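Below: the structure, in structure tokens.
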Amino acid sequence: MLDWYDSHARELPWRAAPGSNAPDPYRVWLSEIMLQQTTVAAVRPKFEAFVARWPSVEALAAAPEADLMAAWAGLGYYARARNLHACARAVVALGDFPTTEDGLRALPGVGAYTAAAIAAIAFGERAVVVDANVARVVARLFAIERPLPGGMPEVRAATDQITPDTRSGDFAQAMMDLGSSVCTPRSPRCLACPLSSVCEGYRLGHPEGFPIKAAKLAKPQRHGTIFWAQHDGKVLLVRRPPRGLLGGMRALPTGPWADTPPGLADPPLPADWQLLPQTVAHVFTHFRLKLSLAVARVDGHAADGEWWDETGIDSAGLPTVFAKAADAIRRARW
DNA sequence: GATACGTGGAT
DNA sequence: TATCCAAGTAT
């Protein structure tokens, strides 16, 4: 795997250049948080923007949390952004990043995977790094029958057996690159795989059958209403509660979310609200949302929130669901 | 152990 | 269009 990595590693902005010294722990940490359940393609431009704006953990810790949340907009899983800020401050308070897996594990937003990845990649510690790519490769390599996630202890034990004592960070990244480009979920390219000669899943003739996974639950359909209050070229935005869905993010005001369209229930301020004919659909991790769009021209009513220049709404740092709704409303004639 | 938590690309 | 899936963590 290390030989394969030396000739096939992807060039990624958070990786040290080939032949250079160990990568910057700040960049490794930031990239690992961003990459949690998120594709490389989505992370790359966000990572570049973050390190350009905040080149060090000290700079990130000193930033207002609202700036960080807005910069994170569009990446999803916004608890990561809140934890990122808390973690940066914790690291500054400590003086530097912990260098051990246990020390890293204690930081906000750093779980078992991320602690192992940072320890191995940034600090050269031997650590067993198991992400979704590694789990898939290892489940095929050993033809692990126990469905995931219940079979994760078995996957972890098998990964431990094949993790080398040196360059375990490169080994982890090699396994992830292999999972991403060769040992893919649907149609693995076994003819290009350096492990095919020792892969039990390949020998059995159905590597794509691993890992076995528990069935997923259907997503319920829910409904809600977005309120677009416009006054003198400005639109009312609010800050969502600090925890829960889209927690802490700047947002358009919404009414309750329910099993049937809630209409004009719970507007942010009294006005002559008008429902537009179109709706906006959005899919979250665990439910589908169909949004009605309520609009009103208001005359300077007091309301909790901030009035944001409508033409600059793209710079407000809105989560995608609200950006979609804003686009639909601005394109509509009303 | 189960559930909440986003989004966009691939198939 | 529908489904799957991603460098998971917190509770």
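Every value quoted in this text rests on a predicted model; they were computed, and no experiment measured them. In what follows, chains are A, B, ... by sequence order, proteins preceding strands, each numbered from 1. The basis for the numbers below is simple: all heavy atoms, side chains too, and nothing from hydrogens, waters or symmetry mates.
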Heavy-atom donor-acceptor pair, A/R80 side chain to A/Q36 backbone, under 3.5 Å: yes
Distance, rounded to the nearest Å, where A/R240 contributes CZ and B/dA4 contributes C1': 13 Å
Presence of A/R243 side-chain N/O under 4.0 Å of C/dA10 phosphate oxygens OP1/OP2: no
A/K213 side chain near C/dA6 phosphate (N/O to OP1/OP2, under 4.0 Å): yes
N/O (side chain, A/Q37) to phosphate O (OP1/OP2, C/dA6) under 4.0 Å: no
Ring centre gap for A/H206 and A/F210 strictly below 6.0 Å: yes
Any A/H286 side-chain nitrogen or oxygen under 4.0 Å from OP1 or OP2 of B/dA4: no
A/F287 vs A/P149, nearer the 5' end of DNA chain B by closest nucleotide: A/P149
Position toward the 5' end of DNA chain B (nearest nucleotide), A/R186 or A/F284: A/F284
Ring centre gap for A/F284 and A/F287 strictly below 6.0 Å: yes
B/dA4 phosphate, OP1 or OP2, under 4.0 Å from A/Y77 side-chain N/O: no
Ring-face cation contact, A/W228 with A/R330, 6.0 Å cut, 45° max: no
A/T320 side chain near B/dG8 phosphate (N/O to OP1/OP2, under 4.0 Å): yes
Spacing of the P atoms in B/dG8 and C/dT9 (rounded, Å): 22 Å
OP1 or OP2 of C/dT9 under 4.0 Å from side-chain N/O of A/T114: yes
A/R44 vs B/dG9: side-chain N/O to OP1/OP2 distance below 4.0 Å: no
Rounded distance (nearest 0.5 Å) linking atom CE of A/M152 with atom CD of A/E154: 11.0 Å
Whole-Å distance separating the CD atom of A/Q36 from the C1' atom of B/dT7: 15 Å
A/H282 side-chain N/O to B/dG6 phosphate OP1/OP2 under 4.0 Å: no
